[in-house]
2 protein chains.
Amino acid sequence: MNSHTQSAASAFLKPRKTPRQARSATTVEAIFDATIQVLLADGATRLTTTRVAERAGVSVGTLYQYFPHKQSLLFAVLKRHLEAVAQAVDSACQQHVGQSIDTISDGLAGAFLDAKTAHLDASRALYLVSSEMDTADLIDEISLRVYAAVAMTLASATDARFVDISAVAFMFSAALSGIVRVVLDREVDPAMLQTLRAELPVMCRAYLATAMRRAHSESSSK
Amino acid sequence: MNSHTQSAASAFLKPRKTPRQARSATTVEAIFDATIQVLLADGATRLTTTRVAERAGVSVGTLYQYFPHKQSLLFAVLKRHLEAVAQAVDSACQQHVGQSIDTISDGLAGAFLDAKTAHLDASRALYLVSSEMDTADLIDEISLRVYAAVAMTLASATDARFVDISAVAFMFSAALSGIVRVVLDREVDPAMLQTLRAELPVMCRAYLATAMRRAHSESSSK
DNA sequence: ACCTGAACACCGTTCAAGT
DNA sequence: ACCTGAACACCGTTCAAGT
C-alpha cells in the first residue's frame, strides 16, 4: 500500500539519525519548536538554519546532526502537521462509518476545518514554506490516506450508493483541502472563515446528493 | 476599487523601471522567458539570478536594473500568469451574462480549467515558487477580480436568485481555484485530470442548485 | 554519543567603470 | 540609457576538535 509512496525523494528528506538518548530527544523537540517560532515571528524569508539553532539553544552543527539539510527540517515539521490533520480525518471517518450520507459529509467537513483552524498560524506558516522543499511525495501520501479513509466511509453510508466511488471520493477530498487552503492562504478575515464554515458543508452535501442521484438514474436505466 | 489593493508590499515588489527603448524591452522579455525556462529545466532550488541572467544572455547587473530583487522578478512572472487566468474568467463571464445558471456554471468551470491547463507546466512551476515571495496582495487582487466577475454573472442568471450572492460567489470561486490547485499540485496523472474535468462542473452545478433552493424556500417562508 | 563553531562554497545584491 | 562583472555580505553545509 505504501510501497510507491517511499520514493527516492522521501528517503532523501528523512532525518539523518534517530535520537537514542534523552538529551538528543530534547534537542530535536527544541529544534522543532524553534522552527515554528522563527517562522511565525520572522517570516519565511528570515528562516535560516543558524537562526533556528540559535533559538533552540544549540549550535548549527547539532541541527545538521539530525537533519541533512534545511529542506529535511521543514519537511519534518510539515509532515508532523499534515499527519495530525490526516489523523483527525481518520478519527472522524471511523466515528461516522455506517451513518447517513449527510451526517458523514458534515462530520468530515467539520473535522477537516477544525484540524486546520486549530493550528491556524502553523497552517499558514507552513503553506508559506511548503514550496521551498520537495513535498510532492508527502502530499501524495497524505492525500492518498485521506482519500482512502473518505472512500471507505462514503461506501459505508446506509442511505447512499455511488457508481464511481473513487471519482466521488477524489473530488470530495480535493474540495476539502483545496477550498480550505485557498481561503487560509489569504488574509484571515473572520467573516470569510465564517462563510467557509457555513458553506463548505453545503457544497459537500450538494455534491454527494447529485452523485447519488446519478447513481439511481443509472441503475434504473439498466 | 483598487485603492486598497495597492499596498506597501505590492509597491515594494514593483519592477524598478519601465523600459523606454526597444533594446531594454527586448531585454526584459528575454529575462521573463529565461525565468520560466530555468524554472522548468532546473527546478525551483536551482533558480538563481545569475543563472537567469546567463540564460537570458545579459549580466546580473542588467537584471537588477529592472527588478530590485529576485522576489520582484518571480512576482512579475506570476502576475503575468495569474492575470491571463483572470482575463480568461472575465471573458467567460461576459460571454455568459444573462444565460441560465447551469450554462454559466459550466462555462466558468470550463474556462478556468482551460486557462490553467493551457500553460500546465508554467502553472505547476509557479505554484512551486509562489511561496518564495510575498504574494498575499497579488493573490487578493486576482481573487477579488475573479470573485467580482463571478458574482456579477451569477446575479445576471435568468433562472436563479440567491439570498447571499456574495457568500455563493465567494465559495464558487474558492472551489474553482482551490480544487484545481490541489489537483495540479500533485503529479499530473491524466486520469486525475479527466476526473477533475468531469466532476468539477458537477460539483459547481450541485452547489449552485442547492443555493437556489435555499433562496426559494426562504422567500416563500416570508 | 553528542555537541561546538570556524571555515568554505555559493547566492543575492551593489556599484564603479564602461559603451 | 543601458550594460558589465568584480566585490561584499550572508546563508547552507561541513568537519576537525572537544565533552
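Lettering of chains follows the sequences in order, A, B, ..., and the numbering in each one begins at 1.
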Nearest whole angstrom, please: distance from the [atom2] of [N] to the [atom1] of [X].
| X | N | atom1 | atom2 | value |
| --- | --- | --- | --- | --- |
| A/Y66 | C/dT4 | OH | C1' | 13 Å |
| B/L73 | C/dC11 | CG | C1' | 15 Å |
| A/F67 | D/dT14 | CZ | P | 15 Å |
| B/L63 | D/dC2 | CG | P | 15 Å |
| B/R51 | C/dG12 | CZ | P | 9 Å |
| A/E54 | C/dT4 | CD | C1' | 14 Å |

**Report entry** Smallest separation among heavy atoms of B/F170 and A/T195, with atom names
**Finding:** CD2-CG2, 3.7 Å
Tell me whether [X] is salt-bridged to [Y], with the criterion being a basic N under 4.0 Å from an acidic carboxylate O.
| X | Y | answer |
| --- | --- | --- |
| B/D185 | B/R124 | no |
| A/D137 | B/R186 | no |
| A/D33 | A/R55 | no |

Requested in this report: With a 3.5 angstrom cut-off on both distances, give the Watson-Crick or G-U wobble partner of D/dG18, or none if there isn't one.
Outcome: C/dC2
Query - G-U wobble or Watson-Crick pairing nucleotide for D/dA9 (cut-off 3.5 Å, both distances) - result: none
Side chain of [X] only, heavy atoms from C-beta on: which candidate in [options] is closest?
| X | options | value |
| --- | --- | --- |
| A/H69 | D/dC3, D/dT13, C/dG12 | D/dT13 |
| B/T62 | C/dT13, C/dC3, D/dT4 | D/dT4 |
| B/K70 | D/dT13, D/dC2, C/dT13 | C/dT13 |
| B/T48 | D/dC11, C/dC11, C/dT13 | C/dC11 |
| A/Y64 | C/dC11, D/dT14, D/dC11 | D/dT14 |

Report summary line: Assign each of B/G57 and A/T49 the nucleotide of DNA chain D bearing its closest heavy atom; nearer the 5' end lies the nucleotide of B/G57
Query - Inter-residue atom distance A/I139.CD1 - A/K79.NZ, 0.5 Å rounding - result: 12.5 Å
Requested in this report: Name the nucleic acid region contacted by A/V60, choosing base, sugar-phosphate or nothing; use a 4.0 angstrom heavy-atom cut-off, strictly under.
Outcome: base
Report task. Quick one: label B/R46 by what it contacts on the DNA or RNA (base, sugar-phosphate, nothing), any heavy atom closer than 4.0 Å. Result -> nothing
**Report entry** OP1 or OP2 of C/dG5 under 4.0 Å from side-chain N/O of A/S59
**Finding:** no
Requested in this report: Look at the side-chain N and O atoms of A/T27 and state whether any lies under 4.0 Å from the OP1 or OP2 oxygen of C/dC2.
Outcome: no
